[in-house]
There are 2 protein chains.
Amino acid sequence: MLITRATEYALLSLDYIRKSEYPIGAEQLSDALNIPKSFLAKILQNLAKKEILISKKGAKGGFVLQKEIKDVTLFDIVAAVEGRPAMVFDCTQYTDTCPNNGPKNCTISPFLVNFQKKIDALLHSLSLEDILSE
Amino acid sequence: MLITRATEYALLSLDYIRKSEYPIGAEQLSDALNIPKSFLAKILQNLAKKEILISKKGAKGGFVLQKEIKDVTLFDIVAAVEGRPAMVFDCTQYTDTCPNNGPKNCTISPFLVNFQKKIDALLHSLSLEDILSE
DNA sequence: AGGTAATTAGAGTAAAATTGTCTTAAATTT
DNA sequence: AAATTTAAGACAATTTTACTCTAATTACCT
Ligand code: SF4
Ligand code: SF4
């Protein structure tokens with residue numbers, strides 16, 4: 001699963017937010033889209049930290065898009081929400097159980113690198129504009 | 001993570017198997033590649049069920065490639081090993097918690113379908129030959 | 001035919017990631 | 001100051017991944 005529930009919620013939220021002139025609060029979004037409030041709040045926080053959303057605290061606060069939708073890519077959204085870029089396969093987390101003791105003499109490692117590049121390119125090529133107008 | 005540990009083990013095994021004239025047993029593979037034996041056995045079983053490997057029981061048995069490496073795609077391997085095709089995001093398993101009560105009036109569903117098609121095309125375009133010669 | 005080497009099948013366990021909750025603090029508006 | 005709303009972090013539940021074990025079956029080989 002390249003896209004998780006968190007990313008799904010992020011995309012649905014971003015679509016809702018972009019249609020509003022005013023900031024949208026986490027609770028309002030949660031009600032409108034039927035997404036668990038606390039979970040959604042975390043997701044929105046992450047989007048704000050990565051400069052995709054602007055967050056405004058206090059009464060009448062909420063979230064607003066920080067960039068134009070053509071300038072936000074799926075790559076950025078997934079990276080923000082998931083806390084790390086979307087990975088095809090992460091060798092680095094298997095250093096202690098790697099059958100080949102590192103990618104140096106691994107027969108499939110070159111492929112994995114290449115494949116990752118293709119996925120990255122695909123994710124970079126898809127802007128929020130593309131996503132929400134399909 | 002589009003590729004799991006099971007698929008990694010499958011690819012490493014397929015590379016090992018294709019280099020041998022004789023059938024390779026699960027235990028031999030497990031020793032050679034340092035992969036947990038029982039786990040690997042399951043993976044090989046799945047590859048055999050999906051007609052990627054031929055399995056030969058009894059003494060001097062083991063696994064042999066069933067097709068030429070150019071005729072096995074990454075799509076098939078992942079589907080065989082994982083038990084289902086690689087999915088970008090599976091709406092169908094969220095029927096009871098879908099914020100939009102089904103893809104009919106979902107703003108991102110069209111994109112998801114489109115994105116899935118691109119991933120499928122990519123997975124279909126990569127043969128074992130491509131993978132192991134990179 | 002009998003013994004052994006291997007796969008097959010399926011239940012079951014352990015570890016890790018995802019998904020979701022709660023509570024408290026901080027900031028902003030009115 | 002009071003009300004509203006985000007921020008942060010610890011925590012719990014659920015699901016998926018990773019892996020194990022045992023028993024059964026099949027085929028080779030002498
Ligand atoms: S074996 Fe190859 S793919 Fe698997 S972890 Fe080691 S390097 Fe990465
Ligand atoms: S909301 Fe859209 S994407 Fe999320 S589950 Fe329902 S249909 Fe699929």
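Letters go in sequence order (proteins before strands), and every chain restarts at 1.
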Practice task
Give, ordered by number, those residues of residues 83-97 of chain B having at least one heavy-atom distance below 4.0 Å to an atom of DNA chain D; if nothing qualifies, reply none.
Solution key: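 When residues 83-97 of chain B is checked for heavy atoms under 4.0 Å from DNA chain D, the hits, listed by number, are R84(B), Q93(B).
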
Fill in the blank from the handout: Within residues 5-17 of chain B, those residues having any heavy atom closer than 4.0 Å to DNA chain D are R5(B), A6(B), Y9(B)

Completion exercise
Sorted by chain and number, sequence neighbours left out, side-chain hydrogen bond (donor to acceptor under 3.5 Å, both in side chains) with S55(B) holds for none

Exercise for the section: With sequence neighbours left out, write down each residue that passes side-chain hydrogen bond (donor to acceptor under 3.5 Å, both in side chains) with K104(A), or none if nothing qualifies. Expected result: none

Practice task
State which residues pass side-chain contact (heavy atoms from CB on, under 4.5 Å) with P36(B); sequence neighbours excluded, sorted by chain then number.
Solution key: Y9(B), F39(B)

Handout entry: Spacing of CG belonging to D90(A) relative to CG belonging to L112(A), to within rounding of 0.5 Å
Key =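 Those atoms lie 10.5 Å apart.
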
Handout entry: ILVMFWY cluster membership beyond M1(A) - transitive side-chain contacts under 4.5 angstrom
Key =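 M87(B), all in the cluster of M1(A).
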
Table please: side-chain donor-acceptor pairs of residues 118-134 of chain A below 3.5 Å, with sequence neighbours left out.
residue, atom, partner, partner atom, Å
D120(A), OD1, Q116(A), NE2, 2.9
H124(A), ND1, D120(A), O, 3.2
S125(A), OG, L122(A), O, 2.8
S127(A), OG, E129(A), N, 3.2
S127(A), OG, D130(A), N, 3.2
S127(A), OG, D130(A), OD2, 3.2
D130(A), OD2, S127(A), N, 3.0
S133(A), OG, E129(A), O, 2.8
S133(A), OG, D130(A), O, 3.4
E134(A), OE1, N114(B), ND2, 2.8

Can I get a per-line list of side-chain donor-acceptor pairs under 3.5 Å for residues 56-68 of chain A, giving both atom names and the distance, sequence neighbours left out?
none

Fill in the blank from the handout: Footprint ends on DNA chain C, 5' to 3', for atoms under 4.0 angstrom from a heavy atom of chain A, come out as dA17(C) to dT29(C)

Handout entry: Base versus backbone protein contacts along nucleotides 20-30 of chain D [heavy-atom cut-off under 4.0 Å; B, S, -]
Key = BB----BBSS-

Exercise for the section: Only pairs at least two apart or in different chains count here, so list each ring pair (Phe, Tyr, Trp, His ring centres under 6.0 Å) that has a residue in residues 76-104 of chain A. Expected result: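 The answer is F89(A)-Y94(A).
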
Exercise for the section: For dT16(D), take OP1 and OP2 only and decide whether either is under 4.0 Å from a side-chain N or O of T4(B). Expected result: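 For dT16(D), neither OP1 nor OP2 has a side-chain N or O of T4(B) closer than 4.0 Å.
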
[N] [atom2] sits how many Å from [X] [atom1], rounded?
X: N46(B); N: dC19(D); atom1: CG; atom2: C1'; answer: 14 Å
X: E27(A); N: dT6(D); atom1: CD; atom2: C1'; answer: 12 Å
X: I3(B); N: dA18(D); atom1: CD1; atom2: C1'; answer: 17 Å

Problem - Any residue meeting ring pair (Phe, Tyr, Trp, His ring centres under 6.0 Å) with Y22(B), in chain and number order, not counting sequence neighbours - result: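 For Y22(B) there are no ring pair (Phe, Tyr, Trp, His ring centres under 6.0 Å) partners, ignoring immediate neighbours.
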
Practice task
Would you indicate what A26(A) reaches in the nucleic acid, counting non-hydrogen atoms under 4.0 angstrom: base, sugar-phosphate, or nothing?
Solution key: sugar-phosphate

